[in-house]
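Reviewing the structure listed below.
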Amino acid sequence: MAAATSGAGRCRLSKVGAGRRPPPARVRVAVRLRPFVDGTAGANDTPCVRGLDSCSLEIANWRNHQETLKYQFDAFYGERSSQQDIYAGSVQPILRHLLEGQNASVLAYGPTGAGKTHTMLGSPEQPGVIPRALMDLLQLTREEGAEGRPWTLSVTMSYLEIYQEKVLDLLDPTSGDLVIREDCRGNILIPGLTQKPITSFTDFEQHFLPASQNRTVGATRLNQRSSRSHAVLLVKVDQRERLAPFRQREGKLYLIDLAGSEDNRRTGNKGLRLKESGAINTSLFVLGKVVDALNQGLPRVPYRDSKLTRLLQDSLGGSAHSILIANIAPERCFYLDTVSALNFAARSKEVINRPFTNESLQLHVLAPVKLSQKELLGPAEAKRARGPEEEETGSPEPSAAPASASQKLSPLQKLSSMDPAMLERLLSLDRLLGSQGSQGTPLLSTPRRERMVLMKTVEEKNLEIERLKMKQKELEAKVLAQEATDPKEKENCSPITHRPLGRRTVTVAKPLKKAVVMPLQLIQEQAASPNAEIHILKKKGRKRKLESLDASEPEEKAEDCWELQISPELLAHGRQKILDLLNEGSARDLRSLQRIGQKKAQLIVGWRELHGPFSQVEDLGRVEGMSGKQMESFLKANILGLAAGQRCGPS
């Protein structure tokens with residue numbers, strides 16, 4: 001896994017400040033095969049899964065018993081592997097990333113009865129992943145946060161379950177359903193979730209063991225203590241730097257025990273157990289959709305379709321170093337569940353995460369520094385401010401060192417335009433270095449030229465303000481003088497009668513000009529005949545009234561428009577052809593007419609068989625329910641089509 005080294009992690013800043021994209025880290029997948037369980041069906045059968053080496057295994061092919069299906073993963077743990085082997089081989093290496101401010105997650109996946117809870121919790125004789133990880137993590141934080149180290153570390157824990165799409169706090173069962181939020185940096189958080197500080201493994205057990213009793217479990221045919229919810233243990237490692245620049249880091253560890261997928265025909269679930277099984281299978285189905293979407297590079301990943309996938313957004317395709325432990329069973333009765341779990345694990349190992357260091361600067365970590373007016377002045381300004389009397393009777397020891405480090409101020413303090421918070425931090429850093437006995441030029445020394453430039457700028461601003469004040473006084477005097485002469489002018493002026501404003505005329509929008517393009521063949525035939533008149537489009541003037549606000553004064557305006565005109569011979573010939581087609585044509589022939597489809601053609605044929613032939617073309621309007629304008633448009637379109645040589649007669 002392409003994880004960042006500790007040195008690189010120390011130098012990298014937060015996600016927002018990072019200039020380059022974080023390096024990818026693939027989800028690592030480990031498969032654990034549990035041994036046969038006494039008393040279960042098929043306990044004496046031969047196993048359907050067999051390990052080949054430390055990274056690969058094979059399973060019988062249900063389509064062809066002569067073949068086997070082979071899978072390759074990051075690690076494979078057989079029936080004789082111990083809890084220590086799994087923890088040391090897959091989980092322990094990712095704990096170091098938490099001290100670098102990065103996130104990590106461990107997921108236990110598999111069908112019900114495959115040993116997920118045993119892998120994560122274990123027993124007092126064989127502790128699982130969760131107790132071993134907490135023991136090592138607390139030991140690392142004690143070593144890194146010891147006296148003399150640059151960082152102070154603190155650890156907090158939260159424990160929750162997702163039961164029937166409800167997020168429940170196991171440390172505080174009375175809190176009810178919690179919501180899942182996302183902050184501005186894309187980090188997933190749960191407001192209102194209880195956080196308990198822990199400093200030792202004893203503190204962890206005092207909180208974790210009672211909370212584990214609050215998790216929902218139930219008995220099925222396959223497991224007497226089957227997990228009916230997804231359990232998530234969240235451990236946060238907060239780091240604060242003791243010296244400047246006082247950075248802050250936060251790493252999260254997700255330890256997730258997923259509920260197993262269930263076949264209700266074998267588990268015998270009914271009532272509440274059936275409802276719980278449906279919620280579990282739905283969330284696991286959405287989890288498979290998320291993995292498929294990430295592998296296919298789809299633009300939308302359905303994280304929000306389930307509370308489980310929403311909470312695992314950092315673990316799958318997010319910013320965490322993820323480990324997936326797929327638990328499988330050797331019995332042949334678990335064959336289909338085992339194949340499904342192996343296929344999901346094979347797809348999950350293609351998911352790419354991009355871990356980054358969650359680092360920021362601490363705010364308000366230094367006490368504010370109050371500066372007097374004399375301290376903000378430079379040496380020359382302070383000398384002029386004291387005056388000649390104070391200069392003559394000055395202190396006999398002007399070069400004596402100040403009693404406290406806070407009185408030792410550098411020339412940078414004269415820059416009053418600087419942000420006060422930044423000034424306080426710089427001055428505190430200067431005092432810290434002075435108290436440690438740093439020699440040479442002060443850290444915050446600034447040339448005198450900057451102070452002189454600042455004073456010149458302030459003087460120019462003051463002159464500009466004075467000039468604006470003088471201009472304002474001149475304008476006020478001019479307004480007062482004008483008001484004094486206004487009464488005399490009003491007495492000499494006669495009343496003025498204002499002419500009423502003219503009424504604005506409201507015009508109606510012009511209609512769009514429409515033109516019909518005739519076929520070239522028709523125009524050529526009309527041009528060839530000696531008596532033919534080619535008047536297809538005719539431009540004529542038409543007066544249009546303009547509406548005005550005064551109805552007694554209507555206005556008229558000539559407007560050009562286009563009108564379609566067809567010769568009487570062409571019109572009569574076309575009407576006769578359409579009438580013949582309506583009386584003699586089949587449904588297929590009628591569809592050759594414009595605006596006549598399959599349904600209308602069948603309607604015309606049925607009407608003709610019921611009422612007899614059409615006497616005139618206008619009778620079609622009663623069949624189709626056409627208005628006068630629609631009928632006129634229908635005739636013009638079909639007559640032009642017939643004139644252009646289109647096939648309209650019966651075949």
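Sequence positions, counted from 1, serve as the residue numbers for this chain. These numbers come from the heavy atoms of this one structure, side chains and all, not from hydrogens, waters or symmetry mates.
Applying the salt bridge (charged side-chain N to carboxylate O under 4.0 Å, His left out) criterion to D136, with sequence neighbours excluded, gives no partner residue.
For V605 against A587, the heavy-atom pair with the smallest separation is CG2-N, 4.1 Å. Contact detail for I328 and A341: the closest heavy-atom pair is CG2-CB, 4.2 Å. Contact record, A211 with Y159: CB-CD2, 3.6 Å, taken as the closest heavy-atom pair. Shortest non-hydrogen contact noted between P131 and M120 is CD-O, 3.7 Å. The shortest heavy-atom contact between P302 and V290 is O-CG2, 3.6 Å. Looking at every heavy atom in both residues, N295 comes nearest to R347 through ND2-O, 2.8 Å.
Residue I325 is tested with T119, V31, V29, I256 for a side-chain contact (heavy atoms from CB on, under 4.5 Å); the sole match is T119. Screening V179, L312, I162, V286 for a side-chain contact (heavy atoms from CB on, under 4.5 Å) with K307, the sole residue that qualifies is I162.
In this structure the side chain of L361 reaches within 4.5 angstrom of the side chain of P245, judged on heavy atoms.
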Stepwise side-chain contact (heavy atoms from CB on, under 4.5 Å) test for R591 and Q598: CA-CA 6 Å; R591 289 201 308 270; Q598 177 68 22; 2.4 Å; yes
Given S306 and S283, is the side chain to side chain donor-acceptor pair (under 3.5 Å) satisfied, shown in steps? CA-CA 6 Å; S306 172; S283 60; 4.9 Å; no
Taking it one step at a time, do V291 and F344 satisfy side-chain contact (heavy atoms from CB on, under 4.5 Å)? CA-CA 8 Å; V291 172; F344 175 80; 3.8 Å; yes
Take S277 and I280 through the side-chain contact (heavy atoms from CB on, under 4.5 Å) test and state the conclusion after the steps. CA-CA 5 Å; S277 176; I280 293 171; 5.7 Å; no
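In this structure, K349 forms a cation-pi arrangement with F73, its terminal cationic atom sitting closer than 6.0 Å to the ring centre and no more than 45° off the ring axis. Cation-pi geometry between R215 and Y163 is not satisfied (NZ or CZ under 6.0 Å from the ring centre, within 45° of the ring normal).
Proximity of a side-chain donor or acceptor of N353 to a complementary backbone N or O of P355 within less than 3.5 Å is not detected.
In this structure, CD1 in I59 is found 9.5 Å from CG in L33, a value given to the nearest 0.5 Å. One finds the CD atom of Q83 at 6.5 Å from the CZ atom of R132 (value rounded to the nearest 0.5 Å). Here CG of L311 is found 5.0 Å from CD1 of I190. Values are rounded to the nearest 0.5 Å. The line from OG of S586 to CD of Q602 is 11.5 Å long, rounded to the nearest 0.5 Å.
Between the side chains of S81 and D85, no donor-acceptor pair of N or O atoms lies under 3.5 Å.
Other residues, nucleotides and ligands contribute over 12 non-hydrogen atoms within 6.0 Å of the CZ atom of R242. More than 12 non-hydrogen atoms from other residues, nucleotides or ligands lie less than 6.0 angstrom from CZ of R142.
F204 and F208 have parallel rings, their planes meeting at less than 30° on a 0 to 90° scale where 60° marks the start of perpendicular.
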